[in-house]
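Values below: every heavy atom of this structure, side chains too, minus hydrogens, waters and symmetry copies.
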Amino acid sequence: MKPGIPKGTRDFSPEEMIRRNHVFHTIQNVYRKFGYVQIETPAMENLTTLEGKYGDEGDKLLFRILNSGEPFQKLSKPAPEVRTSEVSEKGLRYDLTVPFARYVVMHQNEITFPFKRFQIQPVWRADRPQKGRYREFYQCDADVIGSNSLLNEVELVRIIIEVFKSLGIQISVRLNNRKILAGLAELIGEPEKIIDITVAIDKLEKIGREKVVEELLNKGLSKDAVQKLQPVFDMGGDNDTILASLERMLKDSETGMKGIFEMNFILDTLKDVYPNDIVPVVDVTLARGLNYYTGSIIEVKVDDSRSEFSSSICGGGRYDDLTGIFGLPGVSGVGISFGADRICDVLEEIGAFPDFSNISTRILFVNFGQAEARHCLKIVSALRDKGIYAELYPDEAKMKKQMSYADSRKIPFVALVGTEEMKSRKITVKNMEDGSQSSLSIDDLVAKLG
RNA sequence: GUGAUUGUAGCUCAGCUGGUUAGAGCGCUAGAUUGUGGAUCUAGAGGUCGUGGGUUCGAGCCCCAUCUUUCACCCCA
């Protein structure tokens with residue numbers, strides 16, 4: 001049998017894992033610094049938990065797990081009409097936010113609100129893989145649930161900026177508010193078409209004004225309604241200009257005005273508290289597909305001359321009632337999610353990973369035979385007790401082979417302890433970089449490597 | 001789901017309009033060098049040409065199907 005792995009999944013080599021862990025640890029450290037605590041949830045959830053939370057597209061991309069116990073046994077042979085629900089009741093998680101909402105409801109009596117949790121785990125989507133798109137990928141989520149304060153939004157933006165500063169990636173942050181989009185839909189008298197409108201508007205930059213108008217008309221909007229959206233197409237300038245013109249448009253929409261207020265609050269607070277940070281850009285065209293967002297919407301893209309990466313690498317927003325469907329209404333949450341795999345792709349592309357050579361074994365002991373190996377193991381053990389990464393070559397192989405092993409592992413020192421050294425209680429240490437050799441006591445060696 | 005694209009040695013890839021025994025570089029193994037890695041030289045191992053059908057006297061090359069790779073659309077981290 002020829003080995004293989006499912007489409008859109010990947011193996012990670014030791015070198016890649018070092019890099020990936022660097023990203024995970026950087027994000028995790030920032031989360032911890034801001035008071036977030038970690039949880040994990042199962043890879044699979046009940047389909048009832050997952051379905052209907054991500055829109056029609058999302059449901060299509062859910063990986064469904066076949067029930068165990070031969071679910072097809074009772075079915076007739078030639079492709080019977082069978083409802084998915086009859087053969088599958090579990091699915092792999094599509095994101096971390098919905099399972100988190102489920103977690104909050106199930107554990108509401110143990111949780112002290114506001115609850116600030118982070119979660120770093122893989123998610124699965126049955127997408128067609130392409131650039132920056134995998135069927136298994138890691139999300140690094142931080143959410144605050146049980147607090148309406150806009151200070152949470154402010155904090156999350158600050159976290160984003162700190163993370164990417166630590167990683168060394170230049171970014172741009174875009175900010176929008178679902179209430180503004182709802183206000184616009186209200187304004188043109190098509191409040192129930194908010195999703196269609198936002199999805200179309202989102203493409204403005206990509207496909208241009210005419211195509212967007214065409215798409216809106218196709219979705220059943222009247223010419224008059226589309227005409228009313230014109231100011232949105234023309235919107236430009238700095239944040240204040242955009243917000244001012246939105247205010248003119250939405251002055252009669254209570255929801256819309258609330259969205260504008262929220263945006264202003266977040267931007268003003270950021271400017272006041274973090275005057276040196278990059279400023280999020282107000283962007284009415286930012287839609288984000290996830291159906292459950294109700295307030296702020298955040299998206300981060302790479303803005304680095306060294307990178308061509310155009311997909312978003314972090315996103316988030318506020319959802320006012322995600323726990324409601326699980327039976328805990330009136331609890332608002334807001335969160336962000338870093339796409340670790342895409343971030344790794346970007347770091348790779350721009351060569352911004354730190355140098356991780358030499359973080360493993362520092363010294364390898366050559367194996368000359370049973371008695372020598374035993375003697376060396378004692379020294380190795382003493383070194384490890386001092387916190388020095390050391391290892392003994394397990395086989396009594398040829399010198400060349402053992403040296404090559406050290407070389408390919410980039411181990412900087414090799415210890416040669418044969419009968420001579422055992423007698424004199426010394427260790428011959430070879431520096432693999434310059435080839436120099438010296439004869440040292442254990443204490444000298446500890447001092448050299450420690 | 002739609003439209004393209006890819007698959008030949010462990011890796012990166014050649015392989016002419018279909019024509020004898022499918023090649024190279026790197027890597028690997030052994031030796032030159034039995035207590036010294038990288039550099040050099042020599043030798044060697046390694047392939048059902050993604051898979052299954054078809055066309056043909058003859059298929060790595062043409063046709064069909066399928067899987068896989070990569071990319072765009074849709075959507076998204």
Side-chain angles (χ1 to χ4, degrees), chain A residues 1-10 13 23 27 54-62 93-97 120-141 160 195 198-200 202-203 206-207 211 215 286-291 293 297-302 308-317 335-346 364-369 372 393 396-422 428-437:
Chain A
M1 190 198 77
K2 198 179 168 186
I5 56 175
K7 190 195 291 208
T9 65
R10 296 162 299 162
S13 66
V23 171
I27 294 169
Y54 311 105
D56 291 342
E57 283 299 322
D59 277 359
K60 278 187 211 152
L61 300 181
L62 280 178
R93 64 165 114 66
Y94 179 92
D95 74 354
L96 300 178
T97 309
I120 299 176
Q121 290 190 273
V123 306
W124 294 268
R125 294 181 189 179
D127 240 355
R128 273 275 195 59
Q130 56 182 275
K131 192 179 174 67
R133 176 171 296 187
Y134 307 100
R135 296 184 121 183
E136 176 182 65
F137 61 97
Y138 274 72
Q139 292 196 326
C140 313
D141 277 39
I160 288 169
I195 305 267
T198 53
V199 166
D202 186 38
K203 294 177 193 160
K206 221 189 226 171
I207 63 177
K211 296 259 180 186
E215 181 165 334
L286 174 60
R288 294 191 54 76
L290 292 181
N291 286 5
Y293 289 125
I297 308 172
I298 305 168
E299 181 169 278
V300 180
K301 286 193 172 181
V302 183
E308 311 243 309
F309 209 86
S310 61
S311 309
S312 76
I313 51 175
C314 178
I336 51 170
S337 180
F338 291 90
D341 303 80
R342 288 182 175 177
I343 290 171
C344 286
D345 288 348
V346 172
L364 172 81
F365 282 70
V366 171
N367 189 329
F368 284 117
E372 291 89 340
Y393 194 88
E396 193 183 327
K398 283 184 184 151
M399 254 301 219
K400 184 184 171 82
K401 172 121 175 133
Q402 301 194 42
M403 295 296 274
S404 300
Y405 172 81
D407 195 47
S408 69
R409 291 271 318 269
K410 296 195 171 65
I411 297 171
F413 297 99
V414 168
L416 300 140
V417 183
T419 42
E420 284 304 307
E421 287 88 350
M422 281 170 72
T428 299
V429 178
K430 173 166 176 132
N431 179 326
M432 293 298 278
E433 204 175 324
D434 59 21
S436 65
Q437 264 175 232

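Residue contacts shown for A/Gly55 are absent, as no nucleic acid heavy atom lies under 4.0 Å away. Using a 4.0 Å heavy-atom cutoff across all strands shown, A/Cys140 reaches no nucleic acid atom at all. No engagement by A/Phe338 is indicated, since no non-hydrogen atom pair under 4.0 Å with the nucleic acid exists. Using a 4.0 Å heavy-atom distance criterion, A/Gly58 is classed as making no nucleic acid contact.
Side-chain atoms of A/Glu299 and A/Ser312, non-hydrogen and from C-beta on, do get closer than 4.5 Å to each other. Side-chain contact check for A/Gln402 versus A/Asn367: some heavy-atom pair is nearer than 4.5 Å.
Summarising the geometry, atom CD belonging to A/Glu372 is positioned 6.5 Å from atom OG1 belonging to A/Thr419; distances are rounded to the nearest 0.5 Å. Taking CZ from A/Phe413 and CG from A/Leu364, the interatomic distance works out to 13.0 Å, rounded to the nearest 0.5 Å. The CG atom of A/Leu416 sits 9.5 Å away from atom CZ of A/Phe365, with the distance rounded to the nearest 0.5 Å.
Positionally, the nearest nucleotide of RNA chain B for A/Ile5 lies more toward the 5' end than for the other of A/Ile5 and A/Val300. Judged by closest nucleotide on RNA chain B, A/Ser404 is the one of A/Ser404 and A/Ser337 placed further toward the 5' end.
A/Ile120 places its CD1 atom 14 Å from the C1' atom of B/A77, with the value rounded to the nearest Å. The distance from atom CG of A/Leu61 to atom C1' of B/G1 is 10 Å, rounded to the nearest whole Å. The interatomic distance linking A/Arg135 (CZ) with B/A77 (P) rounds to 17 Å, in whole Å. Separating the CG atom of A/Leu96 from the C1' atom of B/C76 is a distance of 14 Å, rounded to the nearest angstrom. Atom C1' of nucleotide B/U36 and atom CG of A/Leu364 are separated by 12 Å, given to the nearest angstrom. Atom NZ of A/Lys7 is separated from atom P of B/U66 by 12 Å (rounded to the nearest Å). Here B/U36 presents its P atom at 18 Å from CG of A/Asp434, a figure rounded to the nearest Å. Per the geometry, CZ belonging to A/Arg93 stands 14 Å off C1' belonging to B/A77, to the nearest Å.
B/G27 and B/G38 have their P atoms separated by 11 Å, with the value rounded to a whole Å. Comparing the P positions of B/G58 and B/G53 gives an interatomic distance of 16 Å, to the nearest angstrom. Here the separation of B/A9 from B/C13, taken at their P atoms, is 11 Å to the nearest Å. Spacing between B/A14 and B/U33 at atom P, rounded to whole Å, works out to 40 Å. The same atom, P, is picked in B/C61 and in B/G7; the two are 12 Å apart, to the nearest Å. Using P as the reference atom, B/A59 and B/U21 are 11 Å apart when rounded to the nearest Å. Using P as the reference atom, B/C64 and B/G18 are 16 Å apart when rounded to the nearest Å. Taking atom P on both B/G10 and B/C28, the two are 15 Å apart, rounded to the nearest angstrom.
By the salt bridge (Lys or Arg N to Asp or Glu O under 4.0 Å) test, A/Glu215 is found to be paired with A/Lys203, residues two or more places apart in sequence or in another chain being considered. Listed by chain and residue number, nothing satisfies the salt bridge (Lys or Arg N to Asp or Glu O under 4.0 Å) test with A/Lys400 (two or more places apart in sequence, or in another chain).
Here the closest heavy-atom approach between residue A/Cys140 and residue A/Ala340 is recorded as SG-CB, 3.9 Å.
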Under 3.5 Å between N/O atoms: give me all the protein pairs with nucleotides 27-35 of chain B, atom names plus distance.
from, atom 1, to, atom 2, distance (Å)
B/G31, OP1, A/Lys398, NZ, 2.7
B/G31, OP2, A/Lys398, NZ, 3.1
B/G35, O6, A/Glu421, OE1, 3.2
B/G35, N1, A/Glu421, OE1, 3.3
B/G35, N1, A/Glu421, OE2, 3.1
B/G35, N2, A/Glu421, OE2, 3.2

Please list, for nucleotides 72-74 of chain B, all pairs of protein and nucleotide N/O atoms separated by less than 3.5 Å.
from, atom 1, to, atom 2, distance (Å)
B/A72, OP2, A/Gln130, OE1, 2.8
B/C74, N4, A/Gln130, NE2, 3.4
B/C74, N4, A/Arg133, NH1, 2.6
B/C74, N4, A/Arg133, NH2, 3.4

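In this structure, A/Phe137 forms an aromatic stack with the base of B/A77, since both conditions hold: centre separation below 5.5 Å and plane angle below 30°.
The base of B/G37 sits within donor-acceptor range of the side chain of A/Lys430, with an N or O pair under 3.5 Å.
The one candidate from A/Glu396, A/Met399, A/Met422 that meets the side chain to side chain contact (heavy atoms under 4.5 Å, CB included) condition with A/Phe368 is A/Met399.
Residues in residues 335-346 of chain A take part in these side-chain hydrogen bond (donor to acceptor under 3.5 Å, both in side chains) pairs, two or more places apart or across chains: A/Arg10-A/Asp341, A/Arg20-A/Asp341, A/Tyr134-A/Asp345, A/Asp141-A/Ser337.
Residue-environment remark: CG (A/Asp56) stays at or below the threshold of 12 foreign heavy atoms within 6.0 Å. Around atom CD of A/Gln130, more than 12 heavy atoms belonging to other residues, nucleotides or ligands sit under 6.0 Å away.
A stem is defined here as three or more consecutive Watson-Crick or G-U pairs, each with both distances under 3.5 Å; for RNA chain B these stems are B:1-4 with B:70-73, B:10-13 with B:23-26, B:28-32 with B:40-44, B:50-54 with B:62-66.
At least one donor-acceptor pair closer than 3.5 Å links the side chain of A/Arg135 to the backbone N or O of A/Asp127.
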